[in-house]
Amino acid sequence: MVLLENDDDEERVAKVHDCDAIIAAATRLTRRTIDAAPRLKLVQHQGVGYHDTVDVSALIERGIRLAVSTAGTVGVAEHAVMLALAAARRVTFADAELRVGQWHANSLRPVSMELAGKAIGYVGMGRIGYAAAERFSGFKTKGFYSDPNVRLSPDREAALNLEPASLNRILEEADVVTLHLPLTEETRDLIGQEELARMKPRSILINTARGGIVSEMALVEALKEGRPGAAGIDVFETEPLPPGHPLTRLPNVVLTPHIAAGTWDSLVGKMDTVLTNIAAFFEGKPLQNEIVLGPG
């Protein structure tokens with residue numbers, strides 16, 4: 001077993017030569033590191049977001065297997081609902097103001113809203129998108145979802161009051177738009193100036209997926225103009241978010257430091273999956289959540 005102390009490329013390249021398996025996380029697993037591991041046969045990701053953290057083409061070229069852990073699903077889904085509630089009620093602004101003696105007992109009413117009965121738009125309907133829909137449905141919401149790779153069965157749609165829709169329809173009709181899709185070349189800057197301009201004035205944008213899916217500077221300008229009316233953001237184009245970033249100056253934004261999947265429950269589940277899968281790999285048993293890799 002090889003443990004990293006500094007977690008930089010030089011250390012990784014120096015230490016992975018004899019590794020048969022690598023556990024990947026948020027730091028990108030580059031082609032350089034993969035090439036430095038001639039015995040490598042398995043990459044086990046501790047989460048699900050491998051598109052922007054693993055050089056998949058390098059794995060494909062060598063026939064290296066890839067598996068992920070879905071243990072963060074509940075945490076991310078709950079976080080999306082939490083951000084929606086906090087943004088809808090301007091919770092972080094009210095909290096910060098209260099701490100310096102400002103009492104906004106009535107002044108936030110014009111910009112606050114309840115989730116009950118609202119329309120929720122899901123951009124991405126994989127495990128996390130569906131888990132989020134299950135939780136939002138408790139507020140008796142109706143939902144629209146857009147996902148080129150997923151079409152739910154009529155029974156699953158009916159259970160959560162969901163229907164498929166185009167991205168444009170979601171942006172134009174949803175009171176809350178929540179993003180649940182990977183960062184790829186196709187989804188980078190998916191939500192930019194034009195898309196934000198389609199959103200309703202009092203709507204809320206939630207992003208617990210990846211920062212690059214939303215054009216941050218376009219979002220800053222859109223929030224200043226009130227379309228959307230608020231946002232809850234857990235992921236950013238550059239992480240950590242630089243001090244003084246324009247998003248930090250806006251009262252209608254709730255910001256968290258990429259912690260949606262960062263619960264103790266999730267950590268325990270992830271480590272269980274990671275260790276179980278690695279043991280199964282060396283024992284020649286099937287892997288949980290193995291990704292079928294196609295051409296790079």
Side-chain angles (χ1 to χ4, degrees), residues 1-8 11-12 15-16 18-30 33-34 37 39-56 58-60 62-83 122 124-136 138 149-150 156 178-183 207-210 234-235 239 256-293:
M1 178 181 292
V2 174
L3 298 178
L4 299 180
E5 297 175 4
N6 302 315
D7 196 25
D8 58 36
E11 183 187 17
R12 282 189 286 274
K15 288 187 174 181
V16 299
D18 296 326
C19 291
D20 298 286
I22 288 177
I23 300 171
T27 302
R28 181 164 177 79
L29 181 60
T30 64
T33 302
I34 294 167
R39 293 175 48 176
L40 184 61
K41 301 178 183 66
L42 170 68
V43 172
Q44 172 65 55
H45 203 294
Q46 57 84 43
V48 293
Y50 67 90
H51 296 81
D52 58 325
T53 55
V54 176
D55 191 321
V56 174
L59 301 189
I60 293 171
R62 287 181 44 195
I64 298 169
R65 297 167 71 182
L66 172 66
V68 300
S69 169
T70 62
T73 298
V74 169
V76 178
E78 289 185 358
H79 202 83
V81 176
M82 183 272 292
L83 286 177
Y122 305 91
M125 189 45 72
R127 291 186 185 91
I128 296 175
Y130 193 80
E134 288 180 313
R135 285 150 181 81
F136 275 109
N149 301 311
V150 176
R156 296 186 82 192
T178 180
L179 308 179
H180 301 287
L181 65 171
L183 178 61
N207 189 7
T208 55
R210 284 293 188 268
D234 182 58
V235 288
E239 295 183 353
T256 55
H258 203 149
I259 58 171
T263 67
W264 176 256
D265 309 85
S266 173
L267 176 62
V268 171
K270 286 181 177 183
M271 292 305 99
D272 180 67
T273 297
V274 166
L275 298 177
T276 298
N277 254 8
I278 290 176
F281 172 76
F282 285 109
E283 294 169 2
K285 297 178 181 178
L287 303 180
Q288 300 178 44
N289 304 310
E290 181 169 5
I291 304 299
V292 179
L293 298 176

Taking every non-hydrogen atom, the tightest pair across Val81 and Ala132: CG2-O, 4.5 Å
Euclidean distance, Ile278 CD1 relative to Ile22 CD1, rounded to 0.5 Å: 10.0 Å
Stepwise side chain to side chain contact (heavy atoms under 4.5 Å, CB included) check, Val56 with His51: CA-CA 7 Å; Val56 174; His51 296 81; over 6 Å; no
Test item: Arg62 side-chain N/O and Ile34 main-chain N/O as donor-acceptor pair under 3.5 Å: yes
Over all atoms of both residues, closest heavy-atom pair of Gly269 and Ser69: O-OG, 4.4 Å
Asp20 side, atom CG; Phe282 side, atom CZ - distance, nearest 0.5 Å: 4.5 Å
Distance (rounded to the nearest 0.5 Å) between Arg28 CZ and Asp52 CG: 7.5 Å
Passing option when Ile128 is tested against Thr73, Leu181, Leu179 for side chain to side chain contact (heavy atoms under 4.5 Å, CB included): Thr73
Pairs meeting criterion side chain to side chain donor-acceptor pair (under 3.5 Å) with involvement of residues 261-274, two or more places apart: Gln46-Lys270
Side-chain donor-acceptor pair present, Asp234, Thr256, cut-off under 3.5 Å: yes
Under 3.5 Å donor-acceptor, Arg210 side chain and Gly49 backbone: yes
Arg127, CZ atom: more than 12 neighbouring heavy atoms under 6.0 Å: no
Spacing of Thr70 atom OG1 and Gln288 atom CD [to the nearest 0.5 Å]: 8.0 Å
Val54 and its side chain to side chain contact (heavy atoms under 4.5 Å, CB included) partner, picked from Ile64, Leu59, Leu293, Ile291: Leu59
Minimal non-hydrogen separation, Gly47 against His45, with atom names: N-ND1, 2.9 Å
Pairs satisfying salt bridge (charged side-chain N to carboxylate O under 4.0 Å, His left out), at least one member in residues 283-292, at least two apart: Arg65-Glu290, Glu283-Lys285
Interatomic distance, Leu83 atom CG to Asn207 atom CG [nearest 0.5 angstrom]: 9.5 Å
Counterpart residues, side-chain hydrogen bond (donor to acceptor under 3.5 Å, both in side chains), relative to Glu78 (two or more places apart): none
Arg12 and Thr27: CA distance, side-chain angles, deciding distance, side chain to side chain contact (heavy atoms under 4.5 Å, CB included) verdict: CA-CA 11 Å; Arg12 282 189 286 274; Thr27 302; 3.4 Å; yes
Shortest non-hydrogen contact from Phe281 toward Lys41: CZ-CB, 3.4 Å
Ile23 side, atom CD1; Gln44 side, atom CD - distance, nearest 0.5 Å: 7.5 Å
From CA spacing to verdict: side chain to side chain contact (heavy atoms under 4.5 Å, CB included), Val43, Tyr50: CA-CA 10 Å; Val43 172; Tyr50 67 90; over 6 Å; no
